Amino acid sequence: MIYSPEKYRIADKRMQPFIDADEIWDYINNAKADKSRVREVIQASLDKKRLSLEETAMLLNVTDPELIEEIKEGARTLKERVYGERIVLFAPLYVGDLCTNNCQYCGFRSSNKDVKRITLNTEELKAEATALVDQGHKRLILVYGEHPKYSADFIAETVKVVYGVKHGNGEIRRVNINAAPFDIPGFRKVLDAGIGTYQIFQETYHRPTYEKVHLGGLKRNYEWRLTALDRAQEAGIDDVGIGALFGLYDWRFEVMGLVRHVNHFEAVYNVGPHTISFPRIQNALSLDISKDHLVKDEDFIRLVSILRLAVPYTGMILTAREPAHTRNQILRFGVSQIDGGTNLELGGYSKGKQETQDLSKGQFQINDNRSLSEIMDELINKSYIPSFCTACYRLGRTGEHFMEFSVPGFIKRYCTPNALLTMAEYLEDYASEETKEKGYRLIDEKIAELSRDQRVERLRNKIGQIKTGQRDLYF
Ligand code: SAM
Ligand code: SF4
């Protein structure tokens, strides 16, 4: 038995469902998007205050094109002012696609009998992690279907295998997971294996829709999923990622659900989630959903901007589900993490770059198939600082986004120097000569922008050490 929802649901008040659909609709139906109030709300966010549900609803209700532009501009300013130009890079690694659930939007759903199910064995997993190390990756998220085979022990073991992979100068320094929810002892096991973030998406916060699209398996239980991160907290995992799958229900409701989830976290555990994800539904094998709630590009930009303003200290992830031009555009509105060189086929990284996608071999279609080196080159061209930094996590500085946000000077003292150090490692070990040259020019420019304190000298020294072969240096 993987879990016993009744036991945990009743046992702990903190694990009561916290989403009240009527309350959310009340806010949406009654929050007036008055011009001066909207401007005050944008300013509050720029002053680093997390927005209330009512304030968020107000932004969601804005229809005046001029005010929508101001919301987007607010998000852009917040991103630049608070986070600077760093973009953290990672890759997903699919470990197994066995799945007992029947989620109507997912290619791995149990009713898709044509999918040849694969679970990587230890050697295959090592080969995949090695291929990603050889691209230059340092941060992975391991992904699993929901199946009795993928127990907490199994997942903990796969995490350890990936941490054990070393190749050339490279290694994976942070392993996050996206897996079905565990019970508290299960969460402890994966914590002990050294996971970074535990990520799980509610998919939709709207219970009737949730029940409509989850047709079979353990995932049908809305509350067990909604309270997953409470159990993770109880087990000691305070580094968690939330998300909603946009396109299942009204996008305004889902934004409110995400903000309510953040409130719940802050109220009960005094810490917000580490990251928020906002995937949009993509094509998948036998995709079977209504098209009523698919999110248009312009609404997608709006929702990302509103989320940025509503939860200003939380990392935001935008994946290769979106095409390159959409990703490039949306990066500016507050995204802090993207994946690069993504391949969803099980065992796909060891086979090399995927030219065409076969929907029966992946969970869904991705629309940005640029390699990591292409993405690095583009980020450098646009003066972003690509980062593979894992320093906070490894030094036990959890809540790093919160520190970036709330500790004055934290970014200049830690984040930017560490990002530049990991960028230098990448340039030495994986970049073409051309990218290397451009990259070091950018590093020089960014160092020149840092304040002239002792740390700049130490940073220059460390970059010198990287050039002579040392690795894994950070502040
Ligand atoms: N089995 C785990 C679970 O359900 O939590 C792992 C989930 S899956 C590997 C990661 C996420 O991909 C899901 O939570 C869902 O939001 C998203 N996803 C599933 N089908 C999708 C589709 N057709 N388009 C875009 N995202 C999708
Ligand atoms: Fe299984 Fe997750 Fe896909 Fe649902 S979303 S069918 S649980 S892999």
Side-chain angles (χ1 to χ4, degrees), residues 75-92 132 135-141 173-174 176 196-197 199 241 274-279 301 304-305 307-308 312-342 366-393 400-401 403-405 410-412 414-427 430-431 435 438-443 445-447 449-450 474:
R76 252 195 308 251
T77 309
L78 187 73
K79 152 98 175 146
E80 276 164 25
R81 204 187 280 175
V82 177
Y83 295 100
E85 311 96 334
R86 276 169 312 120
I87 300 288
V88 170
L89 290 141
F90 72 95
L132 286 159
Q135 287 183 21
H137 277 294
K138 302 280 185 267
R139 306 167 62 111
L140 301 185
I141 182 157
R173 298 177 184 154
R174 180 176 171 119
N176 301 328
T197 306
Q199 183 192 64
H274 189 89
T275 55
I276 294 194
S277 300
F278 32 89
I301 297 178
V304 175
S305 304
L307 274 175
R308 174 67 303 155
Y313 63 78
T314 305
M316 294 184 43
I317 303 179
L318 182 64
T319 67
R321 289 173 179 87
E322 299 295 334
H325 64 90
T326 310
R327 292 226 282 180
N328 288 340
Q329 195 184 6
I330 287 179
L331 268 191
R332 292 180 291 135
F333 297 102
V335 169
S336 47
Q337 288 192 30
I338 59 172
D339 50 345
T342 295
I366 58 163
N367 294 299
D368 181 354
N369 68 354
R370 285 174 297 170
S371 65
L372 178 63
S373 72
E374 286 165 332
I375 290 190
M376 289 294 287
D377 200 62
E378 277 194 42
L379 289 175
I380 290 170
N381 284 341
K382 293 185 175 133
S383 287
Y384 283 109
I385 309 175
S387 173
F388 298 91
C389 178
T390 54
C392 281
Y393 154 71
E400 77 205 72
H401 288 297
M403 286 197 267
E404 286 170 24
F405 184 70
F410 190 87
I411 292 187
K412 278 203 164 169
Y414 295 98
C415 310
T416 306
N418 285 338
L420 295 176
L421 288 168
T422 58
M423 184 175 156
E425 284 188 333
Y426 179 88
L427 296 177
Y430 308 103
T435 306
K438 282 190 294 196
Y440 273 119
R441 258 202 316 272
L442 182 66
I443 289 180
E445 281 168 32
K446 297 296 169 193
I447 292 182
E449 288 168 15
L450 292 172
Y474 49 86

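Source: prediction; values computed, not measured.
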Tell me the closest heavy-atom pair linking [X] and [Y], and the distance in Å.
X	Y	value
A320	D339	N-OD1, 2.9 Å
I338	L379	CD1-CD1, 4.4 Å
M423	I385	SD-CG2, 4.2 Å
F278	V304	CE1-CG2, 3.7 Å
G340	A91	O-CB, 4.1 Å
R327	E322	CG-O, 3.6 Å

Non-hydrogen side-chain atoms of [X] and [Y] separated by less than 4.5 Å:
X	Y	value
Q199	N176	no
K438	D377	yes
H137	Y430	no
R86	N418	no
E378	N328	yes
K138	Y426	no
L427	I380	yes
S336	V88	no

Just checking, is any N or O donor in the side chain of T197 or R174 under 3.5 Å from an acceptor N or O on the other one?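 Judged by distance alone, the side chains do pair up.
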
Pick one: which of P386, C389, S387 meets side-chain contact (heavy atoms from CB on, under 4.5 Å) with L89?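 Going through P386, C389, S387 one by one, the side-chain contact (heavy atoms from CB on, under 4.5 Å) with L89 is satisfied by P386 alone.
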
Atom [atom1] of [X] and atom [atom2] of [Y]: how far apart are they, to the nearest 0.5 Å?
X	Y	atom1	atom2	result
Y313	H274	OH	NE2	12.0 Å
K446	R441	NZ	CZ	13.5 Å
L318	I276	CG	CD1	13.5 Å
T422	R173	OG1	CZ	8.0 Å
T435	Y440	OG1	OH	12.5 Å
T275	I317	OG1	CD1	4.0 Å

Donor-acceptor contact present, side-chain N367 to main-chain R321, <3.5 Å: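 A pair under 3.5 Å: yes.
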
Check: S305 side chain, I301 main-chain N or O, donor-acceptor pair, under 3.5 Å: yes

